[in-house]
Q: 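Below you will find the structure I want to go over with you.
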Amino acid sequence: MPEKNRPTVAVTGVTGALGSRIAARLADHGVPQLLVGRSPERIPELPGARRRGPAAYGDASDMRTALQGASTLILVSGHRTGRRLEEHATAVEAAIAVGVERVLYVSLVGAAPTATYLNARDQWLTEQYLAGAGIRHTVLRAGFYTSTPAALADEEFVVRGSGGTGRAAFVTHDDIAAVIAAVALDDGPRSEHDGAILEITGPEALTLDEAVTRIAAATGRPYRYEPETLEEAFARRWRLGISGQQIETWISWYQAIAKGEVAAVSDVVHRLTGAPATPISDAAWWPSPNTARGVR
């Protein structure tokens, strides 16, 4: 049961793999929640939680209605639309308008104006907007998901890409959710995390070949990694009928790894949750092959 007089937390993205885990952890702690989404019928039922929607980030009126009564907003980044900054800003402005006091924004490790990974550029823009928005906030930069290589595999469990021998500190959805929940539970009028940028990573940086080999061992499935040149990566995806924007996004994901932009390992998971970050071999969830979409 939710605890009396505890501040209400609004969580977005709750029909996805990350948002649903954040909401479940907060429910376990008795936090009253508003679960916000574009499709209310897909929002999970959790103790002490109310469904709010339909509400899209870019719809100011619907977002104001959905966020009414919340003290903290956990804003899980939307998909790449070409207007991600504007959509995020609209959601935050709606939150401010109805009295939300704090925003926890889920960004990406490597966020920068010139990041190789295109989604990380969008995330940096939202971080900059938040810095000047006049609301308490914490930026939670999530590393590349442990599950993504498995989702990028084809039906024969082959992961092909131009990641070279670069490394990434892959992190599980559960570890990211645990950190975000820990920050949300620090719900006093001030928090040591106000204004902070927390980089959430796994316990070690692996090459794609190493990561995929460990996924194969963990799942018992014949996953393997095959490196591609940039030219091969483009040509294969184009033949498959993938859109130019999606090709660009996927190639940039691999290239960020190749260039070492997501290789740093932090202690944030252990420091905020008290538990060590989960090795890729111990991940609890693996998606089916060929199910990756925007890779955030």
Side-chain angles (χ1 to χ4, degrees), residues 16-19 21-22 76-77 106-112 115-120 123 140-154 157-180 197-228 249-273 275-296:
L18 180 58
R21 285 168 168 78
I22 297 168
V76 178
S77 177
V106 185
S107 182
L108 275 171
V109 164
T116 297
Y117 185 38
L118 296 179
N119 280 328
Q123 310 286 13
L140 299 124
R141 289 182 175 173
F144 283 3
Y145 294 143
T146 295
S147 61
T148 297
L152 286 168
D154 63 19
F157 301 99
V158 181
V159 181
R160 295 183 177 90
S162 52
T165 57
R167 294 179 178 272
F170 294 103
V171 61
T172 66
H173 287 81
D174 288 316
D175 281 352
I176 298 168
V179 169
I180 294 169
I197 296 176
L198 301 176
E199 303 220 339
I200 311 170
T201 76
E204 59 183 332
L206 303 172
T207 67
L208 276 166
D209 185 58
E210 290 169 342
V212 172
T213 297
R214 296 189 189 191
I215 293 171
T219 62
R221 295 176 174 179
Y223 287 98
R224 67 183 190 279
Y225 175 64
E226 290 187 1
E228 290 180 310
T249 301
W250 280 352
I251 287 177
S252 74
W253 183 88
Y254 284 102
Q255 282 290 287
I257 295 174
K259 294 182 179 182
E261 294 180 12
V262 290
V265 176
S266 80
D267 67 346
V268 167
V269 173
H270 185 266
R271 180 157 50 88
L272 269 71
T273 71
T278 305
I280 196 168
S281 301
D282 295 338
W285 172 72
W286 298 106
S288 299
N290 208 22
T291 53
R293 42 179 303 181
V295 194
R296 283 189 304 187

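The structure presented is a predicted model; accordingly, all values stated were derived computationally and were not measured.
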Q: Who pairs with Ala17 by side-chain contact (heavy atoms from CB on, under 4.5 Å), at least two apart in sequence or on another chain?
A: Arg21, His173, Trp285
Q: Tell me every residue that passes salt bridge (Lys or Arg N to Asp or Glu O under 4.0 Å) with Asp209, counting only those two or more places apart in sequence or in another chain.
A: none
Q: As an exercise, state the distance from CD1 of Ile180 to CG of Leu140, rounded to the nearest 0.5 Å.
A: 5.0 Å
Q: How close do Ala177 and Leu18 get, counting heavy atoms only, and between which atoms?
A: N-CD1, 4.0 Å
Q: For Thr146 versus Thr172, what's the shortest heavy-atom pair and its separation?
A: OG1-N, 3.4 Å
Q: Is there a side-chain contact between Ile200 and Val269 (heavy atoms, below 4.5 Å)?
A: yes
Q: Kindly say whether Gly163 contributes a backbone atom to a donor-acceptor pair with the side chain of Tyr225 at under 3.5 angstrom?
A: yes
Q: Whether the side chain of Tyr254 engages the backbone of Pro227 through a donor-acceptor N/O pair (distance < 3.5 Å, no angle test) should be reported.
A: no
Q: Keeping the roles fixed (side chain from Asp175, backbone from Ala277), state whether a donor-acceptor pair exists under 3.5 Å.
A: no
Q: So do Thr278 and Asp174 actually touch side chain to side chain, heavy atoms under 4.5 Å?
A: no
Q: Would you confirm whether Asp154, through its side chain, and Val158, through its main-chain N or O, come within 3.5 Å as a donor-acceptor pair?
A: yes
Q: Report yes if the side chains of Arg167 and Thr207 come closer than 4.5 Å at any heavy-atom pair, otherwise no.
A: yes
Q: If the condition is side-chain contact (heavy atoms from CB on, under 4.5 Å), which residues does Ala218 pass it with, not counting sequence neighbours?
A: Trp286
Q: I'd like to know if the side chain of Ser266 and the backbone of Glu199 have a donor-acceptor N/O pair within less than 3.5 Å.
A: yes
Q: For Gln255, enumerate each residue passing the side-chain contact (heavy atoms from CB on, under 4.5 Å) test, keeping only those at least two apart in sequence or located in another chain.
A: Thr116, Ser162, Leu230, Ile251, Ala258, Lys259
Q: With sequence neighbours left out, write down each residue that passes side chain to side chain donor-acceptor pair (under 3.5 Å) with Arg214, or none if nothing qualifies.
A: Glu204
Q: Could you check if a side-chain atom of Asn119 sits within less than 4.5 angstrom of a side-chain atom of Trp253, using non-hydrogen atoms only?
A: no
Q: Determine the minimum heavy-atom distance between Phe170 and Pro149, stating which atoms define it.
A: CE2-CG, 4.0 Å
Q: For Ala115 and Ala120, which heavy atoms make the closest approach, and how far apart are they?
A: CB-CB, 3.7 Å
Q: Identify the two heavy atoms, one from Val159 and one from Ala153, that lie closest to each other, and give their separation to 0.1 Å.
A: CG2-CB, 3.7 Å
Q: For Ala168 versus Ile257, what's the shortest heavy-atom pair and its separation?
A: CB-CG1, 4.1 Å
Q: Could you work out, with side-chain contact (heavy atoms from CB on, under 4.5 Å) as the rule, every residue matching Val265, not counting sequence neighbours?
A: Ala169, Thr201, Ala205
Q: Is the backbone of Leu118 close enough, under 3.5 Å, to the side chain of Ser252 for a donor and an acceptor to pair up by distance?
A: yes
